Amino acid sequence: MADDATRKAVSEIPLLKTNSGPRDKELWVQRLREEYLALIKYVENNKTADNDWFRLESNKEGTRWFGKCWYIHDLLKYEFDMEFDIPVTYPSTAPEIAIPELDGKTAKMYRGGKICLTDHFKPLWARNVPKFGLAHLMALGLGPWLAVEIPDLISKGLITHREQQGS
C-alpha cells in the first residue's frame, strides 16, 4: 500500500498509548499531550527531510483543529486551508479532514469539502486504535490524498495556481 518513504516516515512517528477522547476530561489531557508530541516529531522529521507540507493548530480544548496544507506541483506551491473536529468517539473514530475550497471539485470528497479516506485509511486506522493519532492521520490520510488528487485537479483545470488566476 505505502511506498518505502511513507513507511519510513510513519515508523518514526511515536505511537500513542492513551485510549481517550474528548469526553474523558482527565485522560484527554494526557492524550492531547501525546498527540502534540507525535505531531511535533512528525513535523521535525518532515523538515529534516525537506518535506514540510502542513501547519496545524487547535482550539484550547483540542477538539477543533485547523491550519494549512500545501502541495508542490511543477515547482508551484498550491496551498489550502484545512480543518477538522475530533469525533466524540475518538480515537475509535478517525477525524474527517475538510478542505472547504475544494468542495465539489473531486468525487473523492464528501459534502463540505471532507476528503474521502474510507477505502484505504479508515481500515488501517481501525486496526491501530489507540496507537494512531493525528500525525498518522496527516501522514497516511491527507498526505497521500493530496499526492493523488491535487495533480489530477490541476490537469483537469479545476484548480489553478494563484499567479495564473490573474491572467
Side-chain angles (χ1 to χ4, degrees), residues 1-16 32 34-59 62 64-87 90-91 94-125 128 131-167:
M1 181 181 125
D3 63 9
D4 289 338
T6 303
R7 279 193 186 99
K8 182 179 181 328
V10 171
S11 72
E12 294 173 353
I13 299 172
L15 296 176
L16 287 73
L32 271 178
E34 293 174 19
E35 294 282 3
Y36 275 111
L37 290 172
L39 279 165
I40 289 166
K41 179 70 173 163
Y42 181 50
V43 169
E44 286 173 350
N45 292 346
N46 283 345
K47 286 182 178 185
T48 301
D50 196 26
N51 188 27
D52 189 30
W53 62 274
F54 71 91
R55 291 286 173 273
L56 195 58
E57 58 185 285
S58 75
N59 65 0
R64 178 132 182 86
W65 293 75
F66 46 91
K68 296 212 175 278
C69 59
W70 53 91
Y71 186 83
I72 308 293
H73 183 76
D74 291 338
L75 302 178
L76 296 173
K77 182 178 180 181
Y78 294 81
E79 189 171 275
F80 309 98
D81 290 329
M82 66 170 163
E83 59 190 40
F84 59 90
D85 293 321
I86 299 294
Y90 186 82
E96 295 181 324
I97 301 173
I99 305 175
E101 67 193 273
L102 297 181
D103 189 17
K105 294 189 177 188
T106 172
K108 294 188 179 113
M109 185 169 270
Y110 303 113
R111 186 174 307 175
K114 292 182 178 175
I115 67 172
C116 176
L117 297 174
T118 308
D119 293 341
H120 304 288
F121 179 72
K122 291 208 176 168
L124 183 62
W125 179 277
N128 288 282
K131 297 176 287 196
F132 274 13
L134 301 179
H136 298 89
L137 175 70
M138 303 305 285
L140 295 169
L142 182 59
W145 189 91
L146 290 171
V148 169
E149 291 301 309
I150 299 306
D152 185 55
L153 292 170
I154 293 167
S155 72
K156 292 176 179 173
L158 294 171
I159 58 175
T160 56
H161 192 264
R162 280 186 299 263
E163 294 173 5
Q164 296 168 340
Q165 289 174 352
S167 51

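Because only heavy atoms are used, hydrogens play no part in the values below, and waters and symmetry mates are left out as well, while side chains stay in. Treat the numbers as computed from the prediction; the structure is a model and nothing was measured.
- Side-chain contact between Phe66 and Glu57 is present, with heavy atoms from C-beta onward closer than 4.5 Å.
- A donor-acceptor pair is defined here as one N or O able to donate and one able to accept, closer than 3.5 Å; no such pair exists between the side chain of Trp53 and the backbone of Asn46.
- For the pair Ala94 and Phe121, the tightest heavy-atom approach, listed with the atom from each and the gap, is CB-CE2, 4.1 Å.
- Residue Ile115 is tested with Lys108, Met82, Met109 for a side-chain contact (heavy atoms from CB on, under 4.5 Å); the sole match is Met109.
- Atom-to-atom distance recorded for Leu102:CG and Leu153:CG is 6.5 Å, nearest 0.5 angstrom.
- Closest approach of Ala98 to Gly112, counting heavy atoms only: CB-O, 3.8 Å.
- Between atom CG of residue Leu146 and atom CD1 of residue Ile72 there is a gap of 11.0 Å, rounded to the nearest 0.5 Å.
- Checked by atom type and distance alone, the side chain of His161 pairs as donor or acceptor with a backbone atom of Lys77 at under 3.5 Å.
- Using a 4.5 Å heavy-atom threshold, the side chains of Ile13 and Asn45 count as separate.
- Here the CD1-OH distance, from Ile154 to Tyr71, works out to 7.5 Å after rounding to the nearest 0.5 Å.
- Note on Lys122 versus Glu96: salt bridge recorded, some NZ/NE/NH1/NH2 to OD/OE distance being below 4.0 Å.
- Note that CG of Leu56 and OH of Tyr36 are 8.0 Å apart. Values are rounded to the nearest 0.5 Å.
- Using a distance-only test at 3.5 Å, with no hydrogens or angles considered, no donor-acceptor pair links the side chain of Trp125 to the main chain of Pro95.
- A pairwise comparison of heavy atoms in Arg55 and Asp52 identifies NH2-OD2, 2.7 Å as the closest pair.
- Taking both residues in full, the closest heavy atoms of Ala139 and Val10 are given as CB-CG2, 3.9 Å, listed atom of the first, atom of the second, then distance.
- Distance alone, capped at 3.5 Å, is enough to place a donor-acceptor pair between the Glu101 side chain and the Asp81 backbone.
- Note that CG of Asn128 is 9.0 Å distant from CG of Leu140, once rounded to the nearest 0.5 Å.
- Across every non-hydrogen atom of Met138 and Tyr42, the tightest pair is CB-CE2, 4.1 Å.
- Under a 3.5 Å cut-off, the side chain of Glu35 and the backbone N or O of Leu134 do form a donor-acceptor pair.
- Of the residues Ile150, Leu142, Thr106, the one that meets the side-chain contact (heavy atoms from CB on, under 4.5 Å) test with Ile99 is Leu142.
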ask   = Could you go step by step and tell me if Leu39 and Trp65 meet the side chain to side chain contact (heavy atoms under 4.5 Å, CB included) rule?
value = CA-CA 12 Å; Leu39 279 165; Trp65 293 75; 3.8 Å; yes

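- Between atom CG of residue Leu15 and atom NZ of residue Lys131 there is a gap of 6.5 Å, rounded to the nearest 0.5 Å.
- With a 4.5 Å cut-off on side-chain heavy atoms, Glu149 and Lys105 do not count as touching.
- Ionic pairing of Lys41 and Glu12 is not present here: no N-O contact between side-chain nitrogen and carboxylate oxygen is shorter than 4.0 angstrom.
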